[in-house]
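Structure first, commentary second.
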Amino acid sequence: MPRIQPVKADSTDTRTAETLTSVQTKLGMLPNLFTTLAQSPAALNSYLYLTEAVTTGRLTSKQRELIAIAVAQENKCEYCLSAHAAIGKGLGLNAEAIKHARAGTAALALDNEIVVFAIKVVRTRGGVSDADIAAIRKAGGDDSFIIEIAMNVVLNILTNYVNRLADTDVDFPVVSLASVA
């Protein structure tokens, strides 16, 4: 049972209810993450804005999902791991790609550097080394690419932490944190 209860769209203010209805229309479902974030309309709207904004960047949707999976595994967020594994599958990531991301790697060279760097950002709380920056640059990234990876990491940390502290009920096919095999 969640420690922070999700909001019911019919028992919240009109604007938040409209936002939740919009999310449900767009996604075809209303994931518990959104109804939990709706406890603070400012948090919900900020998350939606940031999520939309990162889609305009240089990272592909698959690269963003690889980051999300890796960060969820690193932060031990079963909700986010389950959600992003499902989203990743929908984008064409196979079981092997998801397994690699959970282990902090990827098959393609650039994707691997992105995932490795993302995990280093999490583990060092942003205090990556010059060698870490150099590795991304060698793989073809520049400063804007590095900042974009960091933004995706931070966005995922937000949802990891919210879902862990709320103990949000997983409403996606559950991917156990322990089953990396």
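Everything numeric in this text was worked out from a predicted model, so none of it was measured. The figures that follow rest on heavy atoms only: side chains count, while hydrogens, waters and symmetry mates do not. Heads up: numbering here begins at 1 and tracks the sequence.
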Subject >> Short side-chain to backbone donor-acceptor contact, Tyr79 and Asp169, under 3.5 Å >> reply: no
Subject >> Thr25 and Thr21, any side-chain heavy atoms less than 4.5 Å apart >> reply: yes
**OP:** Indicate yes or no: at least one non-hydrogen side-chain atom of Glu148 is less than 4.5 angstrom from one of Val54.
**Re:** no
Subject >> Under 3.5 Å donor-acceptor, Arg102 side chain and Ile69 backbone >> reply: no
Original post:
Is Gln73 reaching over with its side chain to a backbone N or O of Leu177, donor-acceptor style, under 3.5 angstrom?
Top reply: yes
Original post:
In terms of side-chain geometry, is the basic nitrogen of Asp111 or Lys62 positioned less than 4.0 Å from the acidic oxygen of its partner?
Top reply: no
Subject >> Note, Lys89 side chain near Ile98 side chain (heavy atom, < 4.5 Å) >> reply: yes
Original post:
Is there a side-chain contact between Met29 and Gln24 (heavy atoms, below 4.5 Å)?
Top reply: no
Subject >> The single option from Thr105, Asn94, Asn112 passing side chain to side chain donor-acceptor pair (under 3.5 Å) against His100 >> reply: Thr105
**OP:** Output yes when Asp130 and Arg137 qualify as a salt bridge under the 4.0 Å nitrogen-oxygen rule, no when they do not.
**Re:** no
**OP:** Mark yes or no for whether Arg3, through its side chain, and Leu165, through its backbone, hold a donor-acceptor pair below 3.5 Å.
**Re:** yes
Original post:
Do the charged groups of Asp132 and Lys120 touch, with an N to O distance under 4.0 Å?
Top reply: yes
Original post:
Below 4.5 Å, heavy atoms only, C-beta onward: do Ile146 and Phe117 meet side chain to side chain?
Top reply: yes
Subject >> Side-chain donor or acceptor of Ser22 paired with backbone N/O of Glu18 under 3.5 Å >> reply: no
Original post:
Between Val71 and Tyr161, is there a shared hydrophobic cluster once you connect ILVMFWY residues whose side-chain heavy atoms come closer than 4.5 Å?
Top reply: yes
Subject >> Lys26/Glu52 ion pair, N-O < 4.0 Å >> reply: yes
Original post:
Hey, does Leu110 have a side-chain heavy atom less than 4.5 Å from the side chain of Gln63?
Top reply: yes
Original post:
About how many Å separate CG of Leu93 and CG of Leu66, when rounded to the nearest 0.5 Å?
Top reply: 5.0 Å
**OP:** Check whether any side-chain N or O of Arg58 sits under 3.5 Å from a backbone N or O of Gly141 as a donor-acceptor pair, and report yes or no.
**Re:** no
Original post:
Has the side chain of Gln39 got a donor or acceptor atom that lies under 3.5 Å from a matching backbone atom of Ile4?
Top reply: no
Original post:
Would you say Thr12's side chain and Ala17's backbone share a donor-acceptor pair under 3.5 angstrom?
Top reply: no
Original post:
Do Ser61 and Leu91 come close enough that some side-chain heavy atom pair is under 4.5 Å?
Top reply: yes
Original post:
Is there side-chain contact between Pro41 and Asp13, with heavy atoms separated by less than 4.5 Å?
Top reply: yes
